[in-house]
K.L.:
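So that we are looking at the same thing, I have put the structure below in structure tokens.
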2 protein chains.
Amino acid sequence: MLSTSEENYLKSIYHLELLNSKGASTNAIAKKMNTKASSVTDMVKKLSEKELVVYKKYQGVQLSKKGKKIAVYLVRKHRLWECFLVDKLDFTWDEVHDIAEQLEHVKSDDLVDKLDKFLGFPTVDPHGDPIPDKNGNITKRKRIQLSNLEVNQESILLGLKDSSDEFLRYLDKNEISIGQKITVLAKEPFDNSLTIKVGKKKMLISQKAAHNLYLLEK
Amino acid sequence: MLSTSEENYLKSIYHLELLNSKGASTNAIAKKMNTKASSVTDMVKKLSEKELVVYKKYQGVQLSKKGKKIAVYLVRKHRLWECFLVDKLDFTWDEVHDIAEQLEHVKSDDLVDKLDKFLGFPTVDPHGDPIPDKNGNITKRKRIQLSNLEVNQESILLGLKDSSDEFLRYLDKNEISIGQKITVLAKEPFDNSLTIKVGKKKMLISQKAAHNLYLLEK
DNA sequence: ATATATTTTTAGCCTTACCTAAATATTTAT
DNA sequence: ATAAATATTTAGGTAAGGCTAAAAATATAT
Ligand SMILES: [Mn+2]
Ligand SMILES: [Mn+2]
Ligand SMILES: [Mn+2]
Ligand SMILES: [Mn+2]
């Protein structure tokens, strides 16, 4: 049985590996987990002894098969609980992350299965992120950043790159939500800002914001 | 912010105080928490410094007002989660305790309020135990053990003294559940066993089992 | 190629929450 | 009232998961 701390390390390494397939560096893990590099070294040694990661001194870590399975299961639990909080308890999407961080560590496989069923086997969480199924399979959708969409192309908002509370509230304020149709009407060459149509509304969006929106790539 | 361990101590002391209003002894706490008396002494000193319990060496502990408030809130959370697990996720009443033991430590007042609302503000948990309201008030119902009911008196099953999984499954097997009408048909003087009518069924019940059933006292 | 900067590890400490064994206080029995 | 039994506390130790500061390895710049 893993501790909450061990579980959090595995999940962080998993997310870092998605960004950099070579593995996760000590410093990157430390930054992500708000801790010190020396603490990371300690923990990584322990995870390595348990064969949950592959670690070579000074070379960073990668998850082992066993470690990845646990990490994906944690992601599954996190996202299922986020669905529960938003769909059933009426939380907003910027309120659920910290609570799901706690709930994901509750130990009961039965609970996860029954929660999944109760929610109707959702495939994406409130932020548009995919929910791994019972076997750990994740459906990958082809997606493209809004900033890379051609002018006059229409697509559907699938998910977010940055799910920070600030960005979520920016989207709320501008009535942008997952599943909406978005069309690029014009690109401003000077600052790469975009004029877009979201639903029926026209609006201006910065390059930075456009970078953070993933659309369905057809 | 209290640790899970500190919270568990407060809850155990609370339950022990309900049995013995003078307070909880070191040994009683150790037994209840499956730990050693010396560990209890350590923790009790810490809780005393935080003014959550009143502690005098060799004299056991009582919860302070502050400590009791926290303990009651934990009981509230535990029982709300048990309702969720049984009513929404279709767990049986003998499966929910250990999961609720974990869920009760999730930190979010908002979560508790919203869960309460989602469940329709329940007043009792699946075992018939009362759920403290938002202000910590617990509705006390007059109740009497089945073993103390007069012959030919009818009453309603309110709750259980012993909620062990074995007893819960004994009740399931005999189709006895919270809310049912029960009448004592006869008492056997030799072993104090009872012939009772539960719903429409007649059955024999031992003194031990009858001790564990609380009925509404009119 | 060498010097400098950055990253990572090691060494040594701290706190929490446990433990065992020994000492001390309290309770119970004679 | 004293002895024996029981309950509680103290002393000293462990493992987990943090930390800082110093040492060592690796990466970068000249
Ligand atoms: Mn999240
Ligand atoms: Mn999410
Ligand atoms: Mn319970
Ligand atoms: Mn209960």
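Naming convention: chains lettered A, B, ... in sequence-line order (proteins, then strands); numbering from 1 in each chain.
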K.L.:
Side chain of B:T41 only, heavy atoms from C-beta on: which candidate in D:dT10, D:dC19, D:dA24 is closest?
P.N.:
D:dT10

K.L.:
What is the distance from CE of B:M1 to P of C:dT16, rounded to the nearest Å?
P.N.:
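Atom CE in B:M1 sits about 15 Å away from atom P in C:dT16.
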
K.L.:
Taking the six-membered ring for Trp, are A:F118 and A:F84 parallel (under 30°), tilted (30 to 60°) or perpendicular (over 60°)?
P.N.:
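Rings of A:F118 and A:F84: tilted, 30 to 60°.
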
K.L.:
Please report, rounded to the nearest Å, how far the P atom of C:dT6 is from the OH atom of A:Y58.
P.N.:
17 Å

K.L.:
C:dT9 phosphate, OP1 or OP2: any side-chain N/O from A:S38 under 4.0 angstrom?
P.N.:
no

K.L.:
If I take atom NZ in residue B:K45 and atom C1' in nucleotide C:dT15, what distance separates them, rounded to the nearest angstrom?
P.N.:
16 Å

K.L.:
To check you understand the geometry: which heavy-atom pair defines the closest contact between B:L157 and B:S177, and what is its length?
P.N.:
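Reported closest heavy-atom pair: CD2-O, 3.5 Å.
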
K.L.:
Could you tell me how far apart B:D42 (CG) and C:dC19 (P) are, to the nearest whole angstrom?
P.N.:
10 Å

K.L.:
In whole Å, what is the span from the NZ atom of A:K56 to the P atom of C:dT8?
P.N.:
16 Å

K.L.:
CE of A:M43 versus P of C:dT9: gap in Å, rounded?
P.N.:
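Rounded to the whole Å, the gap is 15 Å.
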
K.L.:
Among B:K11, B:R76, B:R79, which residue meets the salt bridge (charged side-chain N to carboxylate O under 4.0 Å, His left out) test with B:E104?
P.N.:
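Exactly one option meets the salt bridge (charged side-chain N to carboxylate O under 4.0 Å, His left out) with B:E104, and it is B:K11.
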
K.L.:
If you find the nucleotide of DNA chain D closest to B:V40 and the one closest to A:T4, which residue's nucleotide is nearer the 5' end?
P.N.:
B:V40

K.L.:
Let's see if you get this right: which residues in residues 5-37 of chain B place a heavy atom under 4.0 Å from DNA chain C?
P.N.:
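Result for residues 5-37 of chain B: B:S5, B:Y9, B:T35, B:K36, sorted by number.
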
K.L.:
Using a cut-off of less than 4.0 Å, is there contact between a side-chain N or O of A:Y55 and OP1 or OP2 of C:dT9?
P.N.:
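Answer is yes, contact under 4.0 Å.
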
K.L.:
Taking only side-chain N and O atoms of B:K57, does any of them lie within less than 4.0 angstrom of OP1 or OP2 on C:dT26?
P.N.:
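Answer no for this pair, as no side-chain N or O of B:K57 is under 4.0 Å from OP1 or OP2.
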
K.L.:
Using a strict 4.0 Å threshold on nitrogen-to-oxygen distance, state whether B:K107 and B:E7 make a salt bridge.
P.N.:
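Judged by the 4.0 Å cut-off on N to carboxylate O distance, B:K107 and B:E7 do form a salt bridge.
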
K.L.:
Would you call B:D113 and B:K134 a salt bridge, using N to O less than 4.0 angstrom?
P.N.:
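Yes, B:D113 and B:K134 are salt-bridged.
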
K.L.:
So does B:E6 pair up with B:K50, basic N to acidic O under 4.0 Å?
P.N.:
yes

K.L.:
Less than 3.5 Å apart, any donor N or O on the side chain of B:H97 or B:H78 sitting next to an acceptor on the other?
P.N.:
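Checked: B:H97/B:H78 side chains pair up, N/O donor to acceptor below 3.5 Å.
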
K.L.:
Given atom CD of B:Q59 and atom C1' of C:dA25, what is their separation to the nearest angstrom?
P.N.:
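Distance check: B:Q59 CD to C:dA25 C1' gives 10 Å.
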
K.L.:
Expressed in angstrom and rounded to an integer, what is the separation of A:E49 atom CD from D:dA15 atom C1'?
P.N.:
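After rounding, the reported distance stands at 13 Å.
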
